[in-house]
Every structure is written in structure tokens, then in C-alpha cells.
Participant: 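Below you will find the structure I want to go over with you.
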Amino acid sequence: MALIVQKYGGTSVGSPERVKNVARRIARWKARGHQLVVVVSAMAGETNRLLALAREVQGQPNPRELDVMVSTGEQVTIALMSMALMDLGLKARSYTGGQVKILTDGAFTRARIVSIDEERVRADLADGHVVVVAGFQGVDEAGNITTLGRGGSDTTGVALAAALRAEECQIYTDVDGVYTTDPRIVPEARRLKTITFEEMLEMASLGSKVLQIRSVEFAGKYRVKLRVLSSFEEEGEGTLITFEEDENMEQAIISGIAFNRDEAKITILGVPDRPGIAYQILGPIGDASIDVDMIVQNVGHDGMTDFSFTVHRNDYHKALELLKPVVAHIKARDVLSGDKIAKVSVVGVGMRSHAGIASTMFRALAEEGINIQMISTSEIKISVVIDEKYTELAVRVLHKVFGLDQPA
Ligand code: ADP
Ligand code: ASP
Ligand code: MG
């Protein structure tokens with residue numbers, strides 16, 4: 001007998017029939033003698049619907065009220081799931097994040113989990129209940145409802161698994177594991193049997209939304225055994241996220257290709273090339289809690305240089321506003337900006353021991369006439385910023401050139 005945490009995403013609970021289907025899967029696990037904690041997302045489309053509704057009433061919705069509202073999506077599914085389980089003759093009980101309680105900081109719409117009081121959950125499990133917990137939500141010190149950012153139910157699942165020291169955290173979704181790249185974009189993508197935490201962290205942070213990045217951070221920190229599986233197929237093995245030291249099989253050099261279209265690029269032309277200038281430009285951006293991702297500064301000549309960086313598209317207009325006084329103050333020549341960019345990244349721990357990955361990547365893109373606007377690297381990834389319209393082409397070409405395509 002083991003304690004297992006299972007998380008089911010929006011598509012997996014997207015209709016009453018699917019909720020019942022998931023309940024049958026849970027019943028099978030229960031019949032094998034396991035204790036089960038089940039985390040569910042809102043039904044597919046519901047979170048988006050609620051966000052749009054809020055925006056119709058208040059252009060920039062108040063974050064506290066927004067969390068009160070969007071957290072209702074998950075509240076509906078926990079009750080439905082409990083009902084479906086009861087209908088199968090199981091004992092089940094649902095809890096909102098606040099009821100558990102999942103304590104978070106007070107950062108509405110992107111709160112972080114601080115602690116989980118698992119006593120109530122343990123008591124119900126001991127009593128033979130399946131415990132159904134609302135994903136994506138918590139409560140702050142002051143008792144306000146908070147949410148954990150888009151895709152946050154993954155993090156609820158992993159955090160509960162860590163708190164309960166569960167045997168395994170299973171993330172059930174609409175694909176049967178983590179693929180070499182998004183299978184919706186590249187049909188030749190292959191499921192990975194395993195991927196290391198480091199690689200999964202990079203993939204998630206570079207745009208592969210199959211797992212929320214914080215869930216991967218949590219799993220790495222608390223050593224949670226984490227697996228991604230399909231809720232639509234009969235039992236498969238999915239993808240196991242492994243610690244590198246556990247790995248002894250031969251490792252592909254590149255494990256996956258990630259991409260995202262969430263960023264915008266800002267270039268300031270004719271910036272005086274002197275100490276402190278990067279701070280003058282990025283200081284106000286940081287003070288406004290806007291994350292800067294890639295940064296490029298050219299070699300100066302005649303005392304002038306150009307300075308480019310990227311921010312999330314949601315922060316793009318705010319960043320441009322904040323830059324206006326700075327640009328006037330430092331007497332820069334002009335500002336160029338646009339959000340029609342994409343970031344495409346190749347990820348793999350094998351890069352550490354292999355040279356020439358960057359040149360292979362750049363040659364493949366050049367052969368397709370794709371211009372590289374920015375580059376950034378770490379030990380296990382290379383990212384490029386390109387014109388958004390070439391995203392799919394770039395991902396396909398790189399998938400092929402690094403030998404990731406499914407054998408025909
Ligand atoms: P859920 O609602 O279950 O949380 P998500 O939509 O958040 O599901 O995540 C699953 C989706 O992630 C898949 O449908 C797939 O299109 C996308 N995805 C992106 N990159 C990958 C990848 N490398 N492997 C698998 N799925 C990926
Ligand atoms: N329902 C939330 C979202 O759509 C959380 C989740 O599904 O993980 O982002
Ligand atoms: Mg998700």
C-alpha cells in the first residue's frame with residue numbers, strides 16, 4: 001500500500017463524462033489498496049472564461065477579487081469529482097485550498113506556497129477516504145484566497161506529495177508524457193521515458209507548459225517522484241522525471257526543443273556607453289517587479305551602444321511606459337520594440353560534454369533563412385530569439401537536425 005497523489009488537468013475533467021472516467025481510474029488505484037489524494041484543475045476553458053468575465057467588468061481586474069473569482073473553477077470540479085467517486089461506492093471528501101490549509105504568501109494571482117497543514121488530509125486517508133483537493137489555490141496569512149499562477153494545479157499536486165511524503169506524484173494530462181517537443185506542433189515528437197530534473201526545469205521555464213515550472217522546482221527540492229501520464233489511455237508508464245545521478249543509460253545530447261511566444265523585445269538605440277547605464281535602464285523595470293529575460297548589449301563605438309532586452313508580453317506596454325523618462329534622461333537616440341518574436345531553445349545535459357551544438361543549431365536555422373535576433377546560453381541550453389512567424393519551422397528543423405524525429 002502506498003500514498004499516491006494524482007493531479008488531473010482541465011481537459012481530463014472537461015465534461016461530466018470525463019470526470020466519471022477519472023473517478024473510475026481512481027477507483028482502480030484504490031482497489032489495489034493505495035491511499036489517494038487527488039488534485040483537480042478547473043474544467044477546460046473555465047479559468048479563461050472567468051478571466052475574460054472579470055475583464056469585461058474591470059479593465060485591469062483587482063488582483064484580490066480576481067483570485068476570489070478564478071478559484072471557483074476548481075471548487076466546482078472538486079465537488080463533482082467527489083460525487084463521481086461516491087457514485088462508485090467510494091468514500092470521498094473535497095477540500096478547497098483554504099480548507100486544507102495550503103498557506104501561501106499574499107502575492108495575488110502568482111502566490112507561492114509557504115506551508116501545508118496535512119493533518120486533516122491524513123485523518124481522512126486513515127478513514128478510507130479519497131481526498132480531493134482544489135488545485136491552483138491557497139489562502140494567505142490574512143485569510144484571503146490566493147491563486148498560484150496559470151498551470152498552478154501541478155504545483156498543488158507536487159507540494160501535497162512533498163508534504164505527505166507520498167510515494168509518487170502522478171500528473172495526468174492530455175498527452176501520455178513529456179515529449180521531445182510539443183507533439184501538437186511536431187507530429188514526429190517522441191515521448192521520453194525519462195527526463196532529468198534539470199532538463200525539465202529548463203523545458204518548463206523555456207515554454208513547455210506540460211508542467212508548471214514551480215512544480216518542477218518543488219519536486220527537485222523535496223525529491224518528489226514525479227511522473228507525467230495520460231488520463232485518456234489505459235495505464236502506461238508515462239515519463240518519469242529523474243535525478244541525474246540515478247541515470248546510467250546512454251544520454252542523448254539534446255533531450256528536447258522548447259519554444260515560447262510570450263515575450264516581447266525592446267531595443268534602445270544610441271545609448272551612451274558608460275558605467276551604470278544598464279542599471280539606469282533596467283532599474284525601474286526591476287523596481288516594477290517586471291522580469292527581464294534575455295539581454296544583449298553591443299560593443300560600443302564613438303561612445304554609443306545599443307541595448308536590447310526581452311520581457312513577458314503582459315509587461316510589454318508597462319515596460320515601454322517606464323522607459324520613456326529614462327530614454328529622455330540618458331538622451332538615447334530611439335526605441336525599437338515589438339512583440340512578434342519567439343524564443344526557441346534546445347535543451348540537454350549532454351551539451352556539457354559535447355562541443356558544436358551551437359554551430360549545428362545556427363547552421364540549421366541559417367539554411368532555412370531564419371535570422372537570429374538574440375542568443376543566450378547556459379550549460380545545458382541554447383536559446384535564440386527569432387521572428388514569431390518562423391517558430392514552427394525552426395522547431396521542426398531543430399527537432400530533425402538533432403535526431404529527435406521518430407523513426408519513420
Ligand atoms: P493540463 O490541463 O492537463 O494541465 P496542459 O495543457 O497544461 O494540460 O499541458 C499539456 C499540454 O502541454 C499538451 O497538450 C501539449 O500540447 C503541451 N506540451 C508542450 N510541450 C510539451 C512537451 N514537451 N511534451 C508534452 N506536452 C507538451
Ligand atoms: N485552472 C488553472 C489554469 O487554467 C490552473 C491549472 O489548470 O493548473 O491555469
Ligand atoms: Mg497544465
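All ligand and atom numbering here is 1-based and tracks the order in the structure. Computed from heavy atoms alone, side chains included, the values below leave out hydrogens, waters and symmetry copies.
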Participant: Can you find a non-hydrogen atom of A189 under 4.0 Å from ligand 1?
Facilitator: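 Not so, A189 does not reach ligand 1.
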Participant: Check this for me: does any side-chain nitrogen of one of R49 and E46 sit under 4.0 Å from a carboxylate oxygen of the other?
Facilitator: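 Salt bridge present between R49 and E46.
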Participant: If you apply the rule side-chain hydrogen bond (donor to acceptor under 3.5 Å, both in side chains), what do you find for T104 with T146, and how did you get there?
Facilitator: CA-CA 7 Å; T104 71; T146 55; 2.7 Å; yes
Participant: Could you tell me the residue and atom name of the protein heavy atom closest to atom 7 (O) of ligand 2, and the distance to it rounded to 0.1 Å?
Facilitator: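 Answer for atom 7 (O) of ligand 2: S41 OG, 3.0 Å.
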Participant: Is the closest heavy-atom distance from G152 to ligand 2 below 4.0 Å?
Facilitator: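 It does, in that a heavy atom of G152 comes within the 4.0 Å cut-off of ligand 2.
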Participant: Among protein heavy atoms, which lies nearest atom 21 (C) of ligand 1, and at what distance?
Facilitator: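 It is D182 CA, 3.7 Å.
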Participant: Suppose we measure from atom 14 (O) of ligand 1 to each protein heavy atom; which comes out shortest, and what is that distance?
Facilitator: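 The closest one turns out to be R184 NH2, 2.5 Å.
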Participant: Tell me the nearest of F259, Y8, Y179 to atom 23 (N) of ligand 1, using heavy-atom distances.
Facilitator: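 The residue whose heavy atom sits nearest atom 23 (N) of ligand 1 is Y179.
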Participant: Regarding R261 and E392, does a basic nitrogen lie under 4.0 Å from an acidic carboxylate oxygen?
Facilitator: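 Salt bridge: yes.
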Participant: Per the side-chain hydrogen bond (donor to acceptor under 3.5 Å, both in side chains) rule, which among T181, D176, D182 passes with Y179?
Facilitator: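 With Y179 as partner, T181, D176, D182 yield a single side-chain hydrogen bond (donor to acceptor under 3.5 Å, both in side chains), made by D176.
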Participant: Are side-chain heavy atoms of M351 and V346 found at a separation under 4.5 Å?
Facilitator: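 SC-SC contact between M351 and V346 confirmed.
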Participant: Regarding D174 and R184, does a basic nitrogen lie under 4.0 Å from an acidic carboxylate oxygen?
Facilitator: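 Counted as a salt bridge, because a side-chain N and a carboxylate O are separated by less than 4.0 Å.
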Participant: Just need the protein heavy atom nearest to atom 3 (O) of ligand 1, so name the residue and atom and give the distance.
Facilitator: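 The answer is T173 OG1, 2.7 Å.
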Participant: Measuring from atom 4 (O) of ligand 1, which candidate in R190, K7, K209 has the nearest non-hydrogen atom?
Facilitator: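 It is K7 whose heavy atom sits nearest to atom 4 (O) of ligand 1.
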Participant: Identify the closest protein heavy atom to atom 27 (C) of ligand 1: which residue and atom is it, and at what distance?
Facilitator: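 Checked against all protein heavy atoms, atom 27 (C) of ligand 1 sits closest to V210 CB, 3.7 Å.
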Participant: Do me a favour and list the nearest non-hydrogen protein atom to atom 11 (C) of ligand 1 with residue, atom name and distance?
Facilitator: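 Heavy-atom neighbour on the protein nearest atom 11 (C) of ligand 1: D174 OD1, 3.9 Å.
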Participant: Got the closest protein heavy atom to atom 25 (C) of ligand 1, with its distance?
Facilitator: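 The closest heavy atom on the protein side is G177 O, 3.4 Å.
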Participant: Identify, by atom number and element, the atoms of ligand 1 in contact range of V178, meaning under 4.0 Å from any of its heavy atoms.
Facilitator: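 This gives 24 (N) as the contact atoms.
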Participant: Return the residue, atom name and 0.1 Å-rounded distance of the protein heavy atom closest to atom 9 (O) of ligand 2.
Facilitator: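 The protein heavy atom lying closest is R150 NE, 2.7 Å.
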Participant: Under 4.0 Å from atom 7 (O) of ligand 1, can you find at least one protein heavy atom?
Facilitator: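 For atom 7 (O) of ligand 1 the answer is yes, since some protein heavy atom falls inside 4.0 Å.
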Participant: Considering both backbone and side-chain atoms of G10, is one of its nitrogen or oxygen atoms within less than 3.5 Å of a nitrogen or oxygen in ligand 1?
Facilitator: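 Yes; at least one N/O pair falls below 3.5 Å.
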Participant: How long is the gap from CZ on R93 to CG on D127, to the nearest 0.5 Å?
Facilitator: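 Answer rounded to 0.5 Å: 7.0 Å.
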Participant: Determine the interplanar angle of the W29 and H34 rings, folded into 0 to 90°, and report it as parallel if under 30°, tilted if 30 to 60°, perpendicular if over 60°.
Facilitator: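 Tilted.
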Participant: Check each of N62, T147, T109 against D67 using the side-chain hydrogen bond (donor to acceptor under 3.5 Å, both in side chains) test, and report the only one that passes.
Facilitator: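 Going through N62, T147, T109 one by one, the side-chain hydrogen bond (donor to acceptor under 3.5 Å, both in side chains) with D67 is satisfied by T147 alone.
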Participant: Under 3.5 Å between any N/O of G151 and any N/O of ligand 2: does that happen in this structure?
Facilitator: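 Yes: some nitrogen or oxygen of G151 is under 3.5 Å from one in ligand 2.
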Participant: Give the C-alpha distance, both sets of side-chain angles, the deciding distance and a yes or no for side-chain hydrogen bond (donor to acceptor under 3.5 Å, both in side chains) between E199 and T196.
Facilitator: CA-CA 5 Å; E199 289 170 324; T196 69; 3.2 Å; yes
Participant: At under 4.0 Å between heavy atoms, which part of T181 makes contact with ligand 1: side chain, backbone, both or neither?
Facilitator: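 Backbone only; the side chain of T181 stays clear of ligand 1.
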Participant: Heavy atoms only, cut-off 4.0 Å: how does E74 contact ligand 2, side chain, backbone, both, or neither?
Facilitator: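 Side chain only.
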Participant: Taking only Lys NZ, Arg NE, NH1 and NH2, and the carboxylate oxygens of Asp or Glu, determine whether R396 and E188 approach each other closer than 4.0 Å.
Facilitator: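 Looking at E188 together with R396, the answer is no, because their closest N to O distance does not fall below 4.0 Å.
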Participant: Report yes if some N/O of T47 lies less than 3.5 Å from some N/O of ligand 2; otherwise report no.
Facilitator: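 So ligand 2 has an N or O lying under 3.5 Å from an N or O of T47.
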Participant: Which residue is it: R150, R313, K209, K343? I am looking for the one with a salt bridge (charged side-chain N to carboxylate O under 4.0 Å, His left out) to D262.
Facilitator: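 It is K209; the other options fail the test.
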